**Student:** 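Structure provided below as structure tokens; questions to follow.
Chain letters run A, B, ... following the sequence lines, proteins first and then strands; every chain starts at 1. Small disclaimer: the values here were computed from a predicted structure and weren't measured.
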There are 2 protein chains.
Amino acid sequence: MTEKELQRSKSVLPIGTVMKLTDLTARQIRYYEEQGLVIPKRNEGNRRMYSLNDIDRLLEIKDYLTDGINMAGIKAIYEQHEREAEARKREMNARLTDSDVRRILHDEFMNVSGLNRKPEQGLHSQHPFV
Amino acid sequence: MTEKELQRSKSVLPIGTVMKLTDLTARQIRYYEEQGLVIPKRNEGNRRMYSLNDIDRLLEIKDYLTDGINMAGIKAIYEQHEREAEARKREMNARLTDSDVRRILHDEFMNVSGLNRKPEQGLHSQHPFV
DNA sequence: AAATCATGTAAGAAAATCTAACATGAGATC
DNA sequence: GATCTCATGTTAGATTTTCTTACATGATTT
């Protein structure tokens with residue numbers, strides 16, 4: 001996962017922020033969750049915490065609804081997405097050589113462990129999203 | 001301002017999230033605010049709301065403190081930053097031709113108004129950070 | 001020794017969020 | 001046209017988060 005992807009998938013936004021960013025009501029956001037469309041992480045106090053990816057998906061849902069598509073339709077669309085993603089993944093795996101895999105795993109490791117952190121100005125600035 | 005910059009300056013994070021992201025206590029974060037180093041926006045309910053830029057600055061402050069620099073020193077550093085930024089801005093203005101300015105203003109307008117929004121898949125996806 | 005700095009801690013109030021339940025208007029279905 | 005279902009609104013009471021203010025404290029500075 002790239003740095004940017006990690007950032008986008010980090011659950012940092014409470015529902016109040018999500019409401020403003022998406023212009024949805026709390027009721028709507030929770031209902032879409034109930035329908036299995038956007039399942040946020042929870043913090044220690046059981047409050048929902050959303051990522052930027054979650055925001056994107058909520059906005060997509062909004063648009064689909066505007067287009068007259070109902071919950072069932074939207075669910076179907078996302079299931080389709082997932083099937084496609086799964087297929088791509090299998091295809092990838094089939095194509096990758098062993099050395100490719102080693103290189104990728106190495107890159108992942110360097111990222112996740114933060115060992116490749118490069119100082120910006122002197123020593124200052126480690127980004128928490130990385 | 002670019003899309004990315006807008007995103008980074010949008011105040012969307014409550015102090016609890018900032019605590020986790022920076023590994024600072026609420027007391028520390030509020031104290032740095034008291035010292036004029038990071039002044040978050042407030043929401044309607046008077047809760048502090050932070051941007052990604054705020055996070056970066058808090059992490060910088062952490063590093064400066066680790067380096068043994070005290071509040072006064074850090075303040076001085078940021079005042080220096082501001083003076084330099086101001087100088088660059090003046091320099092820019094001096095160099096820009098009228099047509100440059102017109103082009104830049106045009107770009108800004110297109111960005112802020114969101115008129116350049118390009119649909120991703122069909123009509124779906126307007127990003128709130130843009 | 002006294003003052004200052006950076007942070008901890010506690011108390012009480014206000015705001016945000018949670019779950020659960022009932023309400024409702026618009027369409028679909030019988 | 002009565003009934004159902006869907007997507008959302010609303011309310012209530014509990015819990016969590018955040019706020020401000022104040023006092024406490026160990027480490028430096030004066």
**Student:** Would you find more than 12 non-hydrogen atoms of other residues, nucleotides or ligands less than 6.0 Å from A/Lys75 atom NZ?
**Tutor:**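 Above 12, so yes.
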**Student:** Measure the CZ-CG distance between B/Arg48 and B/Leu13 for me, rounded to the nearest 0.5 Å.
**Tutor:** 14.5 Å
**Student:** Rounded to whole Å, please give me the gap between CE in A/Met49 and P in C/dT17.
**Tutor:**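 Nearest whole value for this atom pair: 9 Å.
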**Student:** Could B/Glu33 and B/Arg42 be called an ion pair, given the rule that one side-chain N must be under 4.0 Å from one carboxylate O?
**Tutor:** yes
**Student:** Give, for atom CG of A/Leu58 and atom CG of A/Asp23, the distance between the pair rounded to the nearest 0.5 Å.
**Tutor:**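 These two atoms lie 12.0 Å from each other.
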**Student:** What is the distance, to the nearest angstrom, from the CZ atom on B/Arg30 to the P atom on D/dT17?
**Tutor:**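 It is 13 Å, rounded to the nearest whole Å.
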**Student:** How many whole angstroms separate atom CD1 of A/Ile74 from atom C1' of D/dC6?
**Tutor:** 12 Å
**Student:** Just how far, in rounded Å, is C1' of C/dT19 from CD1 of A/Ile15?
**Tutor:**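 In whole Å, C/dT19 C1' lies 12 Å from A/Ile15 CD1.
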**Student:** Nearest whole Å is fine: how far is D/dT18 C1' from B/Leu13 CG?
**Tutor:** 15 Å
**Student:** State the CD1-OH distance between B/Ile77 and B/Tyr64, to the nearest 0.5 angstrom.
**Tutor:** 4.5 Å
**Student:** Which pair of non-hydrogen atoms, one from A/Met49 and one from A/Asp54, has the smallest distance, and what is that distance?
**Tutor:**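 Minimum heavy-atom contact is O-OD2, 4.4 Å.
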**Student:** Using 4.0 Å as the upper bound for N to carboxylate O, is an ion pair formed by B/Lys20 and A/Glu44?
**Tutor:** yes
**Student:** In Å and rounded to the nearest 0.5 Å, what is the CE to CD distance from A/Met1 to A/Gln7?
**Tutor:** 11.5 Å
**Student:** Shorter than 3.5 Å, N or O on both sides, protein versus nucleotides 28-30 of chain D: list them out with atom names.
**Tutor:**
none

**Student:** Does a nitrogen or oxygen in the side chain of A/Arg27 sit under 4.0 Å from OP1 or OP2 of D/dA7?
**Tutor:**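 False: A/Arg27 side-chain N/O out of range (4.0 Å or more) of D/dA7 OP1/OP2.
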**Student:** Other residues, nucleotides and ligands only: do more than 12 of their heavy atoms fall within 6.0 Å of NZ on A/Lys41?
**Tutor:** no
**Student:** When you measure from the side-chain N and O atoms of A/Tyr31 to the phosphate of D/dA7, is any distance below 4.0 Å, counting only OP1 and OP2?
**Tutor:**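 Answer yes for this pair, as a side-chain N or O of A/Tyr31 is under 4.0 Å from OP1 or OP2.
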**Student:** For DNA chain C, determine which residues of residues 32-48 of chain A have any heavy atom closer than 4.0 angstrom to one of its atoms, and list them numerically.
**Tutor:**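 Close to the strand are A/Arg42, A/Asn46, A/Arg47, A/Arg48.
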**Student:** Grab the CE-C1' distance between B/Met19 and D/dC19 for me, whole Å please.
**Tutor:**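 Taking CE of B/Met19 and C1' of D/dC19, I get 13 Å after rounding.
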**Student:** Just the rounded figure in Å: distance from P of D/dA27 to CE of B/Met71.
**Tutor:** 18 Å
**Student:** Please give, in whole Å, the distance from C/dA6 P to B/Ile69 CD1?
**Tutor:**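 Taking atom P of C/dA6 as the reference, CD1 of B/Ile69 is at 12 Å.
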**Student:** Side chain of A/Thr25 only, please: which of D/dT18, C/dG8, D/dG9 is the nearest?
**Tutor:**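 Between D/dT18, C/dG8, D/dG9, the one nearest the side chain of A/Thr25 would be D/dG9.
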